[in-house]
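Data first, discussion second: the structure below is written as structure tokens.
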2 protein chains.
Amino acid sequence: MDQAGERREPTMRDVAALAGVSIKTVSRVINGLPGAGAEVTDRVRAAARTLGYRPNLTASSLRRADRRSATIGVLFEDLSNPFDAALLRAVEDHARRSGVLVLAGSTEDDHTLQRELLVSLSARRVDGVVVMAAGGHQDALQHERERGTPMVLVDRPPTFGGTDCVTTTNRDSSRAAVLKLAALGHRDIAFLGDRRTLWTSQERYTGYLEGLAQAGLTLREQLVRTDLHGVAVAETATAELFDLDRPPTALFTAQNLVTVGAMRVLRDRDLHRRVAVIGFDDFPLADLLDPAVTVVRQDVPGIGRKAAELILARIDGDTSPPVHAVVPASLVPRGSGEIAALS
Amino acid sequence: MDQAGERREPTMRDVAALAGVSIKTVSRVINGLPGAGAEVTDRVRAAARTLGYRPNLTASSLRRADRRSATIGVLFEDLSNPFDAALLRAVEDHARRSGVLVLAGSTEDDHTLQRELLVSLSARRVDGVVVMAAGGHQDALQHERERGTPMVLVDRPPTFGGTDCVTTTNRDSSRAAVLKLAALGHRDIAFLGDRRTLWTSQERYTGYLEGLAQAGLTLREQLVRTDLHGVAVAETATAELFDLDRPPTALFTAQNLVTVGAMRVLRDRDLHRRVAVIGFDDFPLADLLDPAVTVVRQDVPGIGRKAAELILARIDGDTSPPVHAVVPASLVPRGSGEIAALS
DNA sequence: AACTCCTACGTCAACGTTGACGTAACCGGC
DNA sequence: GCCGGTTACGTCAACGTTGACGTAGGAGTT
């Protein structure tokens with residue numbers, strides 16, 4: 001087989017030579033532009049086929065007036081996380097339909113990495129970026145945006161202006177979840193949340209507070225655990241809750257890994273039939289657990305589609321005012337959230 | 001904010017003008033090449049910073065001798081599938097460490113889509129591709145490979161020569177799983193597999209046959225169900241198995257979605273404590289189900305790392321003979337696979 | 001028959017960058 | 001004071017493509 005054959009890729013020049021026309025005519029034929037006769041078009045096509053010619057999009061975009069690379073960047077926290085993966089897939093699908101490919105990267109919620117990836121994307125002259133912003137300050141994102149890069153934030157809004165974003169009904173759905181638990185008679189409802197630097201965590205916590213207030217319940221600070229990043233930390237925190245003198249009778253777990261950790265502890269302590277749980281974010285197999293887990297499910301394909309639509313529109317020159325699209329989440333009752341308080 | 005500001009990106013020419021040097025000197029400074037004095041270097045760096053200059057990798061790679069775009073393509077079946085997502089993440093991590101970004105796409109196991117994506121990647125002059133080949137013929141892949149594109153196949157080997165690939169111990173691990181079930185006294189072990197066009201399905205089935213033979217069991221054709229693509233189809237097939245006069249006492253489910261479907265049916269019929277199950281491919285929360293699911297777990301990070309290493313080496317000009325790397329999978333006992341046959 | 005207009009091409013330069021090569025200044029050695 | 005070598009620049013062309021513009025020939029109009 002061809003090991004380093006170092007065979008040069010054929011160019012329009014080669015095709016032109018073989019077809020006996022000028023380079024410009026080849027360009028016209030390849031791009032389907034008018035100004036090439038039928039017979040010449042056939043000759044050029046045939047020549048391109050025999051040589052195995054493939055257009056060079058990088059050279060083309062360097063020269064073209066619009067400068068498009070037909071490529072966007074997608075920076076999410078962790079592409080192996082089911083939520084991120086589903087979102088990537090949704091964005092990718094819609095982009096591809098417009099002939100746009102996706103350069104994907106994981107930021108690990110790390111500002112340095114996020115900045116480096118932004119620079120790498122910018123060096124490749126992507127047409128725009130879809131970003132799940134790392135928690136905390138957004139200096140690098142703002143800087144990139146101010147350079148003129150079309151940008152859409154997903155999952156978390158920008159802390160700076162002039163930028164589109166797509167989020168879900170974090171606060172409202174959290175409030176609804178808590179109200180549902182309260183309606184079942186629960187008065188000691190715990191909150192277990194992800195890192196406090198994350199906007200989503202804050203919103204969900206606010207929704208929790210609103211729910212308590214609306215239900216006429218008082219907040220017990222002991223029942224609030226935050227900064228739970230990962231399953232292991234969530235397990236520890238959940239265990240602590242049930243070591244309290246007056247443990248919770250219901251849990252609102254504000255992120256999918258937290259939900260998983262909590263479920264594990266409940267099962268270990270054989271509390272899974274008595275303690276109600278509603279989680280934010282669906283996760284695979286939530287319906288197969290015992291009990292099946294009631295969750296607030298984000299419309300991930302909807303979020304991805306909206307993000308893709310927005311970035312593609314901006315790239316196409318849409319200069320209408322920035323949009324903050326909110327895609328509704330829905331409560332999926334499966335059992336764990338329907339356990340009533342012991343009266 | 002800057003709506004279509006149409007501000008031109010600064011180029012080396014602009015930096016050169018501001019620093020009062022030639023374009024070539026700017027190039028030297030930006031690329032850290034020798035031949036620029038200390039004072040000039042400082043002036044150029046300062047000018048680049050004031051202008052917000054960003055190198056243009058597409059122009060650079062067009063002109064450079066090595067022609068590298070520092071970008072690879074990754075085409076998997078479905079980026080939202082946990083297995084694919086984890087693999088993408090592993091490849092991405094290792095590529096990024098070498099300054100290489102990843103253009104990712106889902107082929108949906110569709111030849112047309114796979115071919116279109118290959119053409120799109122080739123138009124962007126990626127340095128190489130990592131592909132999970134769509135089932136059936138591999139004409140497009142072979143064609144692309146023969147053009148000289150560095151290529152590594154993952155999960156499934158090529159049907160053509162001269163190409164690296166990375167797979168797991170499909171056959172051996174499947175045989176081991178069946179032998180384990182047989183050792184627990186099971187004589188009616190069913191096989192539930194994904195699409196037969198997939199190489200992995202075939203290998204796992206062969207391993208199943210080998211296991212039966214080695215255990216001295218005879219194959220019962222009725223207990224073999226293939227072409228189960230997706231959870232729903234797997235559920236139907238499983239249900240049929242338990243409507244047989246002599247149903248299986250153990251299941252070997254050869255793909256993760258199939259395992260999920262089977263578990264669902266077992267639970268619905270309250271058989272989950274009596275029928276043994278070993279699944280191929282781990283999946284999130286397998287340990288939280290009741291019973292926890294015994295699986296053959298592939299070393300996904302290991303596969304991704306190996307694939308990344310191979311493609312990067314080939315891109316760097318490694319012309320050693322093609323490699324078929326096999327990354328060992330391991331059996332993870334969790335409970336469902338340790339249920340003994342009723343004697 | 002002279003005119004305009006259109007079609008089907010071709011020529012040229014430029015996109016942003018780098019490889020090849022040129023050159024002026026300076027150094028050390030004799 | 002001249003030579004060879006080195007350092008620190010600069011000039012030029014080219015990577016593959018396309019926008020701007022030129023032109024030859026034919027069709028249609030007056």
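Lettering of chains follows the sequences in order, A, B, ..., and the numbering in each one begins at 1.
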> To the nearest angstrom, how far is Met12(B) atom CE from dT11(D) atom P?
Replying inline: 16 Å
>> What I want to find out is whether Asp127(B) reaches Arg314(B) closely enough, with some N-O distance under 4.0 Å, to be called a salt bridge.
In response: no
> Do Glu9(A) and Arg67(B) meet the salt-bridge criterion of a basic N to acidic O distance under 4.0 Å?
Replying inline: no
> Can you tell me if Ser122(B) and Arg54(A) form a side-chain donor-acceptor pair at under 3.5 Å?
Replying inline: yes
>> Could you tell me how far apart Arg125(A) (CZ) and dT17(D) (P) are, to the nearest whole angstrom?
In response: 20 Å
>> Whether the side chain of Arg63(A) and the base of dT18(D) hold a donor-acceptor pair under 3.5 Å is what I'd like checked.
In response: yes
> Nearest nucleotide by nearest heavy atom, which residue falls closer to the 5' end of DNA chain D, Ala59(B) or Gly35(B)?
Replying inline: Gly35(B)
> Does a side chain donor of either Arg124(A) or Ser69(A) reach within less than 3.5 Å of an acceptor in the other side chain?
Replying inline: no
> Separation of Asn31(A) atom CG from dA8(C) atom C1', in whole Å?
Replying inline: 17 Å
> For the pair made of CZ in Arg64(B) and P in dT17(C), what is the distance, rounded to whole Å?
Replying inline: 12 Å
>> So, does Arg8(A) get its side chain near the phosphate of dC15(D), meaning an N or O under 4.0 Å from OP1 or OP2?
In response: no
>> Output the rounded distance in Å from CZ (Arg28(A)) to P (dT11(C)).
In response: 11 Å
> Counting just side-chain N and O atoms, does Arg67(B) come under 4.0 Å of either OP1 or OP2 of dG16(D)?
Replying inline: yes
> Do any side-chain nitrogens or oxygens of Asn56(A) fall under 4.0 Å of OP1 or OP2 in dC15(D)?
Replying inline: no
>> Rounding to an integer number of Å, can you tell me how far Leu62(A) CG sits from dT18(D) C1'?
In response: 10 Å
> Just checking Gly37(A): base, sugar-phosphate only, or nothing, at a heavy-atom cut-off of under 4.0 Å?
Replying inline: sugar-phosphate
>> Using OP1 and OP2 only, check whether a side-chain N or O of Ser61(A) sits under 4.0 Å from dC15(C).
In response: no
> Within the structure, does a side-chain N or O atom of Ser60(B) lie under 4.0 Å from either OP1 or OP2 of dT17(C)?
Replying inline: no
> Given atom CD1 of Ile23(A) and atom P of dA8(C), what is their separation to the nearest angstrom?
Replying inline: 21 Å
>> When you measure from the side-chain N and O atoms of Ser22(B) to the phosphate of dC9(D), is any distance below 4.0 Å, counting only OP1 and OP2?
In response: no
>> Is it true that Thr159(B) and His137(B) share a donor-acceptor pair across their side chains at a distance under 3.5 Å?
In response: no
> Which whole-number value in Å describes the distance from Glu9(B) CD to dG16(C) P?
Replying inline: 10 Å
>> Starting the side chain at C-beta, find the nucleotide from dC15(D), dG16(C), dG19(D) nearest to Lys24(A).
In response: dG19(D)
